[in-house]
Amino acid sequence: MLSISIGPVALPVAPLILLLAVWGSSWLASNLASGTGDKQRAGAAGNAVLNAALLGLLAARLAHLGLHADLYLASPWSAFDIRDGGWHAATGAVVGAAWLLWRGVRMPALLWPLAGGVLAGTAFWLIASVTTSGSAQMLPTQPLTELDRGISVTLLQAARGRPVVVNLWASWCGPCREEMPVLAAAQQRESSVGFLFVNQGEPDATVRAYLADQGLPLREVLLDTGSKLGPAVGSRGLPTTLFYDAGGRQVDAHFGVLNAAALESRLRTLRAAQ
């Protein structure tokens, strides 16, 4: 599951799980430390978990930027666009754990409360992540309609044995409009990766008018008039971008805006999967 809807707002699932895990870890560590009635110790334990999470996130982002420095140097402001989902989880985990260990060594009374809180939070995060992600998904089989020819196709047929990027979008979606030029440019230059633009719920005339008005030279535009593809891939919001290898196996997914650097970093992963 990539996103959930709360009224008219769609929220990404992964950050919500992480937020709940950190909050739960901090709360439990604080309560374990307050067993003796020492409020100062309880506050120190809860704050240590929160600080570890913040340092871990910062380290994870910096590590991602370092690994893809050439991409982000070409567009420096993209480094601050954390909507792109660029994080190096292993680095973040190591830095966060190191901070907690240091705090535990400095204040031995916090060692077991921190350990208990973090173990419980980590268990929650792992279980929730596995539960919401499920097994690796293949290309969905929902019938779609080609914009150009008006014929019915599936994504597997449209992929034609290529690795593909599948973008779910709509003309009324502001973030979709923001990222569309980046995806359109990538489609023009990529020869080994296909780009399939699946419009959600809009009629043929609306899609054609939007593309003409924006001057977007998109190829392989598909119509999902019933908006069934989003729920099928576990996303209730737009834009959603999915990455499939040549065998039709999903290797990555992102809910929200993709900037040029983030897209290229995922394309590198997709190429490496071949």
Side-chain angles (χ1 to χ4, degrees), residues 2-3 10-16 18-19 53-95 162-200 210-221 235 237-245 250-274:
L2 292 173
S3 65
L11 299 173
V13 168
L16 289 177
L18 181 60
L19 180 63
L54 291 174
L55 287 172
L57 287 172
L58 178 60
R61 181 62 176 177
L62 291 176
H64 173 79
L65 296 178
L67 290 171
H68 303 285
D70 58 323
L71 302 179
Y72 285 93
L73 286 174
S75 180
W77 287 110
S78 297
F80 300 97
D81 184 9
I82 60 174
R83 298 174 302 170
D84 67 13
W87 311 90
H88 193 263
T91 298
V94 169
V95 170
R162 303 168 294 170
V164 291
V165 178
V166 179
N167 179 248
L168 280 62
W169 67 283
S171 64
W172 50 261
C173 165
C176 301
R177 298 169 72 100
E178 180 181 345
E179 73 173 4
M180 190 62 76
V182 171
L183 294 167
Q187 186 185 54
Q188 295 300 312
R189 69 172 180 267
E190 287 291 331
S191 57
S192 60
V193 177
F195 283 74
L196 306 177
F197 296 93
V198 187
N199 180 271
Q200 296 296 288
Y210 169 74
L211 296 178
D213 178 67
Q214 298 297 311
L216 292 169
L218 298 187
R219 304 185 305 274
E220 301 191 86
V221 178
S235 183
L238 299 175
T240 295
T241 308
L242 309 151
F243 300 79
Y244 295 90
D245 64 18
Q250 183 178 308
V251 298
D252 204 347
H254 181 70
F255 169 70
V257 176
L258 278 173
N259 56 48
L263 175 60
E264 179 57 32
S265 69
R266 285 169 167 79
L267 288 175
R268 287 179 175 178
T269 301
L270 184 59
R271 298 187 196 103
Q274 305 313 307

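It should be emphasised that the depicted structure is a prediction, and the values quoted were computed from it without experimental measurement.
- Between L2 atom CG and L242 atom CG the span is 6.5 Å, to the nearest 0.5 Å.
- Between the side chains of D245 and Q250, no donor-acceptor pair of N or O atoms lies under 3.5 Å.
- Under the side-chain contact (heavy atoms from CB on, under 4.5 Å) criterion, P181 pairs with no residue, sequence neighbours left out.
- For the pair S3 (side chain) and G237 (backbone), a donor-acceptor distance under 3.5 Å is present.
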### Task
Assess whether side chain to side chain contact (heavy atoms under 4.5 Å, CB included) is satisfied between R61 and H88, documenting all intermediate values.
CA-CA 6 Å; R61 181 62 176 177; H88 193 263; over 6 Å; no
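- D70 and R268 are joined by a salt bridge, as a carboxylate oxygen and a charged side-chain nitrogen come within less than 4.0 angstrom of each other.
- Considering all non-hydrogen atoms of both residues, L216 and A184 come closest at CD2-CB, 4.2 Å.
- For the pair R83 and E178, the salt-bridge criterion is met [side-chain N within less than 4.0 Å of a carboxylate O].
- Y72 and D84 share a donor-acceptor pair across their side chains, judged by distance under 3.5 Å alone.
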### Task
Determine, step by step, whether T240 and Q200 satisfy the side chain to side chain contact (heavy atoms under 4.5 Å, CB included) criterion, reporting the C-alpha distance in whole Å, the side-chain angles of both residues, the deciding distance to 0.1 Å, and the verdict.
CA-CA 11 Å; T240 295; Q200 296 296 288; over 6 Å; no
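- Judged as a side-chain contact (heavy atoms from CB on, under 4.5 Å), and not counting sequence neighbours, the contacts of E190 are S192, V193, F195, E264, L267, R271.
- Taking all atoms of both residues into account, the shortest heavy-atom contact from A170 to L238 is CB-CD1, 3.8 Å.
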### V166/T241 under side chain to side chain contact (heavy atoms under 4.5 Å, CB included): CA gap, chis, key distance, verdict
CA-CA 6 Å; V166 179; T241 308; over 6 Å; no
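- Atom CG of L54 has more than 12 neighbouring heavy atoms from other residues, nucleotides or ligands inside a 6.0 Å radius.
- The backbone N or O of V257 sits less than 3.5 Å from a side-chain atom of H254, completing a donor-acceptor pair.
- Here W169 and Y210 bring their ring centres to under 6.0 angstrom of each other.
- Atoms CG and CG, on D81 and N259 in that order, are 5.0 Å from each other to the nearest 0.5 Å.
- Closest heavy-atom contact between P239 and F255: O-CD1, 3.5 Å.
- Residues passing the ring pair (Phe, Tyr, Trp, His ring centres under 6.0 Å) test with F197: none are found, sequence neighbours excluded.
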### Task
Kindly determine whether L196 and V165 satisfy side chain to side chain contact (heavy atoms under 4.5 Å, CB included), including the steps that lead there.
CA-CA 6 Å; L196 306 177; V165 178; over 6 Å; no
